[in-house]
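A short write-up of the structure that comes next.
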Amino acid sequence: MKYFFIIFFFGLVPLWPQWFSKKDNFESHWKLFNEKRIIQSDAYRKFGATDVRLEPIEYEGEFSYFYNLCAHEDIKELSVLYKLLSFYDATVLLKTCSESKKEYLPELEKIAKKRVFDLLILPKLEILESETNLENLSPYVNELKSEWEKTIYLYSNFYKATEVLYFGKEREFIQTINTTLYSEMPESRRKVAIQRLLEDLKVHNKSSYQLFLYSKQNPWSSPSLVEENNRSITYYNAILSDWENETEPIIDEKEKLQSLRNCLLGLTKKTGNYRLLAYYGFFYDYGRFVGLQNVQNQSKVSFIKRTIYQSHHFKNRLDVVLNSCKNTANHK
């Protein structure tokens, strides 16, 4: 799959004019979040932005239809794991299976396995020392890496209304950064490209926060902050319980997870406009991998879980969420 720089301009939250009428309010929240990760939100106040409700897109029926048509059991089992990373690609896999000749199916399975492996791995942004030592580029490259880490570890924890691919936007960011840093081009042109890319990341992150701060959009269409927080804590607790009950020692951070559970419960008793939806992205991204006992090949399941739960992004995002929760709990 090829990625294009222009992708950064798609899917960004519009900077709605009514939000800027409360600029001072926004800047104070923005500063508090950046410095201490305090998860206050004005979404349910009178001047909050109008809720944008999206009609749910039904994919399950199409997936089930082609699942029943596919005659290759290994591909069918693989598709169940594949759809955790890309529902669309998993459905296409089953459709191709149902339409292909029998002799092609082993090759199809091989291609799908590689794709699943590629989607499981979200590489860290490793910038060669030669790039950071360039006198004219060093400050911008270092800031770019810092902003990328915020994008992956902090802003990805917000609720995302739609998702096509697991870590889809984040992968696009990495690809674009690598292309910008390591393609052959004059230093002056690279500097301009890095500056533009840095600005795009900042706009994306600020827009993500702005949506959390002002939009009432949530996965349950809850009409009030109290109800939304109750639904959030119920959802989080269910995932935390599933993680605690895993039969294999796949999660090395169980003490932190227990600490997070206690902290979240404390936040539900705290007065103020604290919005637990700030952590929905974290739980949604990793909670989808719990269970899976019905998959016959449990070695594949174990590999996927170990890859995900021992990754740099899981560990770093857990630390960010836990620290944010503690800071919010202590905020007066």
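Because the structure is predicted, anything quoted here is derived from the model rather than measured.
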| task | Verify the distance criterion only: is there a donor paired with an acceptor across the side chains of Ser41 and Asn273 at less than 3.5 Å? | result | no
| query | Is there a side-chain contact between Gln210 and Ser215, using heavy atoms and a 4.5 Å cut-off? | reply | no
| Nearest heavy-atom neighbours spanning Leu94 and Lys76 | CD2-CA, 4.2 Å
| Do Asn237 and Arg261 have side-chain N/O donor and acceptor atoms under 3.5 Å apart? | yes
| Side chains of Thr176 and Leu197 in contact at under 4.5 Å (non-hydrogen atoms) | yes
| From Arg190, Arg196, Lys191, residue fulfilling side chain to side chain contact (heavy atoms under 4.5 Å, CB included) relative to Ile194 | Arg190
| So, the side chain of Ser302 versus the backbone of Gln298: is there a donor-acceptor pair under 3.5 Å, distance only? | yes
| request: For the residue pair Phe117 and Phe303, categorise the inter-ring angle as parallel (less than 30°), tilted (30 to 60°) or perpendicular (more than 60°). | output: parallel
| message | So does Leu165 get a backbone contact from the side chain of Ser86, meaning a donor-acceptor N/O pair under 3.5 Å? | response | no
| message | Whether the side chain of Tyr309 engages the backbone of Tyr286 through a donor-acceptor N/O pair (distance < 3.5 Å, no angle test) should be reported. | response | yes
| task | Looking only at non-hydrogen atoms, find the nearest pair between Gly291 and Lys305 and report the distance. | result | O-NZ, 3.0 Å
| If you measure from OG on Ser232 to CZ on Arg275, what distance do you get to the nearest 0.5 Å? | 8.0 Å
| field | Minimum heavy-atom distance Glu103-Pro106, with the two atoms named | value | O-CD, 3.6 Å
| message | Quick one, Tyr67 and Ser79 - any side-chain contact, counting heavy atoms below 4.5 Å? | response | yes
| field | Check: Phe173 ring centre within less than 6.0 Å of Trp148 ring centre | value | no
| request: Mind listing the closest non-hydrogen atom pair of Ala161 and Gln217 along with its distance? | output: CB-OE1, 2.8 Å
| query | Are more than 12 heavy atoms from other residues, nucleotides or ligands located less than 6.0 Å from atom NZ of Lys315? | reply | yes
| remark: CD of Glu73 to SG of Cys97, rounded to nearest 0.5 Å, is 9.0 Å
| query | What are the two closest heavy atoms between Leu260 and Cys325, and how far apart are they? | reply | CD1-CB, 4.2 Å
| task | Keeping the roles fixed (side chain from Tyr236, backbone from Leu276), state whether a donor-acceptor pair exists under 3.5 Å. | result | yes
| message | To the closest 0.5 Å, what do you measure between OG (Ser311) and CZ (Arg317)? | response | 9.0 Å
| query | Above 12 or not: heavy atoms from other molecules or residues under 6.0 Å from NZ of Lys95? | reply | no
| said: I'd like to check Glu227 versus Trp220 (side-chain heavy atoms, cut-off strictly below 4.5 Å). Are they in contact? | reply: no
| Euclidean distance, Leu322 CG relative to Asn327 CG, rounded to 0.5 Å | 9.5 Å
| Of Glu27, His29, Glu35, which is the lone residue that meets side chain to side chain contact (heavy atoms under 4.5 Å, CB included) with Lys31? | Glu35
| field | Glu255, CD atom: more than 12 neighbouring heavy atoms under 6.0 Å | value | no
| query | Using 30° and 60° as the class limits, which term best fits the ring planes of Phe158 and Tyr155: parallel, tilted or perpendicular? | reply | tilted
| field | Residue pair Phe289 / Leu84, side-chain heavy-atom distance below 4.5 Å | value | yes
| Non-hydrogen side-chain atoms of Lys83 and Thr91 separated by less than 4.5 Å | no
| message | How long is the straight-line distance from CG of Leu154 back to CG of Asn205, given to the nearest 0.5 Å? | response | 7.5 Å
| note | Ser221 and Asn218 have their tightest heavy-atom pair at N-OD1, 2.8 Å
| field | Check ion pair Lys202-Glu143 (N to O, under 4.0 angstrom) | value | yes
| query | Taking atom NZ of Lys124 as the centre, does the number of heavy atoms from other residues, nucleotides or ligands within less than 6.0 Å exceed 12? | reply | no
| message | Any carboxylate oxygen within less than 4.0 angstrom of a Lys/Arg side-chain nitrogen, looking at Lys254 and Glu244? | response | no
| task | Evaluate the side-chain proximity of Leu81 to Leu292: yes if any heavy-atom separation is below 4.5 Å, no if none is. | result | yes
| field | Ring centers of Tyr209, His204 separated by less than 6.0 Å | value | no
| query | If we ignore angles and hydrogens, is there a donor and acceptor under 3.5 Å between the side chains of Tyr44 and Glu228? | reply | yes
| said: A side-chain contact here means heavy atoms from C-beta on lying under 4.5 Å apart; do His331 and Leu32 qualify? | reply: yes
| query | Using 30° and 60° as the class limits, which term best fits the ring planes of Tyr280 and Tyr284: parallel, tilted or perpendicular? | reply | parallel
| query | Just wondering, are more than 12 heavy atoms of other shown residues or ligands nearer than 6.0 Å to OH in Tyr65? | reply | no
| message | Please report the interatomic distance NZ(Lys269) to CG(Asn229), rounded to the nearest 0.5 Å. | response | 14.0 Å
| message | Can you tell me how the ring of Trp243 sits relative to the ring of Phe283, calling it parallel under 30°, perpendicular over 60° and tilted otherwise? | response | parallel
| query | So, are Lys114 and Asp118 salt-bridged, with charged N and O less than 4.0 Å apart? | reply | yes
| For Gln296, does the CD atom have more than 12 heavy-atom neighbours from other residues, nucleotides or ligands under 6.0 Å away? | no
| request: Answer with yes or no after comparing the ring centroid distance for Phe212 and Tyr159 against a 6.0 Å cut-off, counting only values under it. | output: no
| message | Using a 6.0 Å cut-off, check whether atom NZ of Lys160 has over 12 heavy atoms from anything other than its own residue. | response | yes
